[in-house]
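What you are looking at is a predicted structure, and each value in this text was computed from that prediction instead of being measured. To find a chain, count down the sequence lines: A is the first, B the second, and so on, and within it residues start at 1.
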There are 2 protein chains.
Amino acid sequence: MLGEVISIGDELSSGQRLDTNTQWLSQRLAEVGVSVLRHTTIADDLDACVAAFRNAAQSCQVIVVTGGLGPTEDDLTRQALAAAFHRELELDTDSLTKIQRMFEERGREMPASNRVQAMFPSGSAVVPNDYGTAPGIDLPVNDNQCRFFALPGVPAEMKQMWEQTVVSSLDAFVNKTGQSAGALHFHTMKAFGIGESDVELRLPGLISRDRDPKVGITVSRATITLRIAGRADSDESFAKLIAPTVAEIENGLGDLLFGTGNDRLETVVAQHLLSQQTSVATLEIGGASFLGDCLANVLGKSDDNYRGGLCFRNVDQADNYLRKFASLRNQSTERPNAATLSQTAEYWTDLCTAVREHFDADYGLVVAGYPGETEMASSNGTFPVNIALASDSGAHHETRNLGGHPDVLPSRIAKFGLDALRRFSK
Amino acid sequence: MLGEVISIGDELSSGQRLDTNTQWLSQRLAEVGVSVLRHTTIADDLDACVAAFRNAAQSCQVIVVTGGLGPTEDDLTRQALAAAFHRELELDTDSLTKIQRMFEERGREMPASNRVQAMFPSGSAVVPNDYGTAPGIDLPVNDNQCRFFALPGVPAEMKQMWEQTVVSSLDAFVNKTGQSAGALHFHTMKAFGIGESDVELRLPGLISRDRDPKVGITVSRATITLRIAGRADSDESFAKLIAPTVAEIENGLGDLLFGTGNDRLETVVAQHLLSQQTSVATLEIGGASFLGDCLANVLGKSDDNYRGGLCFRNVDQADNYLRKFASLRNQSTERPNAATLSQTAEYWTDLCTAVREHFDADYGLVVAGYPGETEMASSNGTFPVNIALASDSGAHHETRNLGGHPDVLPSRIAKFGLDALRRFSK
């Protein structure tokens with residue numbers, strides 16, 4: 001079954017904004033058995049949209065459209081779908097009520113322009129949007145031989161709607177056409193601390209196209225995702241089908257694997273802390289403070305497992321603060337400055353120990369050396385990062401040279417800190 | 001003059017790799033006066049390439065193709081161009097010599113398969129490639145009314161070839177056909193604290209499609225971008241052309257506008273702090289600590305304008321900490337608990353004042369009420385957020401109910417804190 005992904009918007013066709021939805025959707029379409037033939041991006045233009053939709057329906061059976069569902073005059077996807085396939089636009093009162101309620105919850109009255117978001121081409125179904133005012137459109141055309149899914153361009157909304165509604169409707173559509181054996185199942189395994197090509201070296205033959213079950217490897221923000229896909233009649237038979245593949249991956253990657261499914265490093269670490277009833281406090285130095293985000297965010301509001309965090313721009317600031325308010329050792333005035341001290345492992349173990357005591361936590365975690373935007377802009381190389389972790393059994397320190405794209409590097413650095421906590425809190 | 005960008009490759013259509021060339025090329029085409037009508041991405045398939053090329057030549061005058069110029073069997077761009085426009089493929093001996101020399105310089109013999117890279121559709125010109133073995137193709141079709149430029153997919157090679165050869169050929173072509181009135185210019189204005197549809201209410205008629213200059217409105221992570229586009233012969237005449245539009249936007253949005261071009265809230269705030277030589281310290285309560293990220297990240301490593309940050313999961317933790325280590329008032333043991341106190345504005349102004357003093361900063365900024373993942377998962381509504389800012393002229397406090405998609409909400413909340421700092425530090 002062939003597919004096309006169409007994205008709509010002047011901001012995309014003009015190059016003002018980079019489209020990342022289409023890549024994500026192409027990966028998801030492959031997973032449900034749709035080969036993507038073409039991507040098309042068009043400006044906010046009714047005739048161009050109509051032509052693109054008709055053209056897509058001639059060669060593809062599944063077309064996913066993103067963008068153009070907003071409330072403004074330049075949002076034309078619903079009108080273009082109606083025009084391309086000779087449908088009327090009809091009001092869906094349930095959708096209208098939902099949109100009005102969303103505005104009420106935010107203490108605002110719905111602008112009249114948002115009413116258009118409750119209009120649907122006749123014969124289409126609503127794809128609910130729990131996070132925004134634009135519901136999506138599920139429109140069968142060509143005597144139900146071809147199916148359009150129109151989703152908002154906001155990636156978070158689009159992805160949630162895909163997972164919640166589109167993927168199962170699409171699987172049913174693909175199955176109905178009789179090309180599939182059993183429902184599509186996925187099993188996801190996650191690894192950290194290794195590159196994509198190293199995975200392939202450790203697991204030769206895993207990524208062959210003809211392999212059954214298929215394994216897709218993707219990297220996102222330094223986390224490796226191995227997604228095993230196969231068709232099976234039940235969860236049990238799927239588990240049996242993939243067992244040898246899972247064992248092969250576990251043998252090849254060992255402790256680099258940190259979880260499955262939707263696990264993230266921080267959720268795995270939070271589970272350790274909750275099950276052991278231990279706590280952590282953090283100190284971050286440089287241009288970011290991701291540890292606090294990651295850990296506080298995944299722990300419950302009343303959980304005291306995250307004791308608190310400090311962040312500073314440079315080591316001197318942290319050093320001054322911890323000598324003033326905490327128990328950082330070597331307080332004599334003849335003490336070398338922080339820049340000199342920070343060349344030694346001992347300094348970092350002192351720092352994480354001071355953080356642990358200051359916040360009365362079981363673990364004191366320090367990640368130092370996040371480059372700020374200025375430093376990243378003036379270097380394509382790597383940056384020295386110090387990671388130090390204190391616990392009741394002593395302190396661990398490591399220095400790593402880490403590099404990567406500026407958009408990804410800070411969270412990549414934070415993840416090495418989280419991964420140290422994961423390994424030592426197990 | 002209308003343009004299309006076509007990218008070719010299974011790795012793109014399948015979503016394995018993200019295409020960034022097309023965005024870059026669309027921006028460059030706009031600069032030479034070509035409005036990009038469409039982007040198309042197709043798999044390595046001869047028929048699909050031929051169809052896409054013919055389709056493009058029907059509606060556009062400038063078509064830039066990337067990818068498919070390699071030496072392997074799945075590289076089909078030159079064959080598809082020849083087939084689409086009924087040309088023979090002819091050997092260019094200069095190109096062949098150059099390719100052979102490149103291999104010699106690397107100490108290798110040219111594989112026979114690379115000979116195809118010296119084959120060109122009749123009537124085309126060579127676009128030299130100084131960094132790789134694949135020269136590009138400059139092919140006029142439709143009685144010289146339409147021009148194809150085929151370039152390699154490797155971004156570094158493609159960009160160098162564009163700058164060195166394509167841009168001037170294209171400019172000559174665009175001028176000769178006399179359809180352009182100056183190059184397309186963009187002016188970008190940024191606003192925060194308002195929704196997309198509210199912008200339209202405040203600025204009726206601004207986004208009409210027939211408007212000249214055109215104004216596009218986009219939202220990304222709660223920031224509104226207004227992009228004014230117009231054709232002009234120079235920066236000066238463009239500035240004159242858009243002056244009434246800029247004034248209309250400034251009148252309509254007032255203090256909601258925070259910058260232009262690539263400005264972000266945090267870079268604008270950092271500029272305030274740097275130019276006034278003032279400093280800020282932050283306290284964040286809840287499941288995130290974005291203020292530290294944003295501010296430390298955009299300030300230089302030696303700048304002391306960001307004094308430091310604290311983050312906690314809940315108000316009690318922050319309250320305990322600031323009573324123990326800082327000067328948070330009302331330390332008597334009969335004092336009501338933090339949960340009760342935090343219902344009053346006075347408590348928040350006490351907190352931000354304590355933070356300001358604790359870090360010896362000019363501004364003490366508190367953002368409290370980031371929902372963690374658990375809270376966001378169990379509610380699609382809004383969350384009460386307290387923002388408090390202390391300066392030498394007193395303290396400001398506001399409570400807002402903020403909602404949105406979980407992926408976006410924490411940074412949206414942080415931006416309201418940054419925006420308070422922007423407004424009060426001006």
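- In this structure, the portion of A:Glu375 lying under 4.5 Å from any heavy atom of chain B is its side chain and not its backbone.
- In this structure, OG1 in A:Thr72 is found 11.5 Å from CG in B:Leu206, a value given to the nearest 0.5 Å.
- Interface remark: B:Ser7 contributes no atoms to any contact with chain A (heavy atom separation under 4.5 Å).
- The contact between A:Leu310 and chain B is made by backbone and side chain atoms together, counting heavy-atom distances below 4.5 Å.
- By number of non-hydrogen pairs under 4.5 angstrom with chain B, the leading residue of A:Ser289, A:Gly308, A:Cys294 is A:Ser289.
- B:Asp293 pairs by the salt bridge (Lys or Arg N to Asp or Glu O under 4.0 Å) definition with nothing, not counting sequence neighbours.
- Residue A:Pro410 does not touch chain B at all, counting heavy-atom pairs closer than 4.5 Å.
- Minimum interatomic distance between B:Arg307 and A:Gln317 (heavy atoms only, all atoms of both residues): CA-NE2, 4.0 Å.
- Nearest heavy atoms, A:Gln23 versus B:Arg17: NE2-C, 3.4 Å.
- Counting all heavy atoms, side chain and backbone alike, B:Ala296 lies closest to A:Gly286 at CB-O, 3.4 Å.
- The heavy-atom pair separating A:Arg108 from B:Asp198 by the smallest distance is NH2-OD2, 2.9 Å.
- Contacts between B:Asp19 and chain A at a heavy-atom distance below 4.5 Å involve the backbone alone (N, CA, C, O).
- Both the backbone and the side chain of A:Phe290 have a heavy atom closer than 4.5 Å to some heavy atom of chain B.
- Rounding to the nearest 0.5 Å gives a distance of 11.0 Å between CG of A:Asp45 and CZ of B:Arg38.
- Heavy-atom minimum distance, B:Asn297 versus A:Met376: OD1-CE, 4.3 Å.
- Considering only heavy-atom pairs separated by less than 4.5 Å from chain B, the leading option among A:Glu4, A:Arg28, A:His358 is A:His358.
- Contact annotation for B:Leu29: neither backbone nor side-chain heavy atoms come within less than 4.5 Å of a heavy atom of chain A.
- Using a 4.5 Å cut-off between heavy atoms, A:Ile6 does not touch chain B at all.
- For A:Thr20, the parts lying under 4.5 angstrom from a heavy atom of chain B are both the backbone and the side chain.
- Contact annotation for A:Ala156: both backbone and side-chain heavy atoms come within less than 4.5 Å of a heavy atom of chain B.
- With a 4.5 Å cut-off on non-hydrogen atoms, B:Ile42 touches chain A through its backbone and its side chain both.
- Between chain A and the options B:Gly287, B:Pro406, B:Gly3, heavy-atom pairs under 4.5 Å are most frequent for B:Gly287.
- Going from atom CG of B:Leu295 over to atom CZ of A:Arg313 covers 11.0 Å, rounded to the nearest 0.5 Å.
- Interface remark: of the candidates A:Val298, A:Asn305, A:Leu299, A:Leu299 forms the most heavy-atom pairs closer than 4.5 Å to chain B.
- To the nearest 0.5 Å, the span separating OG1 on A:Thr40 from CG on B:Asn55 amounts to 9.0 Å.
- A distance of 9.5 Å separates CG of A:Leu18 from OG1 of B:Thr22, quoted to the nearest 0.5 Å.
- No other option in A:Gln27, A:Glu284, A:Gln160 has as many heavy-atom pairs under 4.5 Å with chain B as A:Gln27.
- Separation of atoms CD (A:Glu373) and CD (B:Glu266) is listed at 7.0 Å; rounding is to 0.5 Å.
- Your options are B:Phe325, B:Tyr370, B:Phe312, B:Trp24, and the one with the most heavy-atom pairs under 4.5 Å with chain A is B:Phe325.
- Contacts of B:Phe359 with chain A are made by side-chain atoms alone, with heavy-atom separations under 4.5 Å and no backbone atom involved.
- Only the side chain of A:Ser113 comes within contact range of chain B, judged by heavy atoms closer than 4.5 Å.
- The two residues B:Cys311 and A:Tyr306 come nearest to each other via the heavy atoms SG-OH, 3.5 Å.
- Under the 4.0 Å criterion applied to side-chain N and carboxylate O atoms, B:Arg227 and A:Asp10 are not assigned as salt-bridge partners.
- Here A:Glu157 pairs with nothing under the salt bridge (Lys or Arg N to Asp or Glu O under 4.0 Å) rule; sequence neighbours left out.
- Listed options B:Ala281, B:Ser13, B:Gly292 were ranked by heavy-atom pairs under 4.5 angstrom with chain A; first place goes to B:Ser13.
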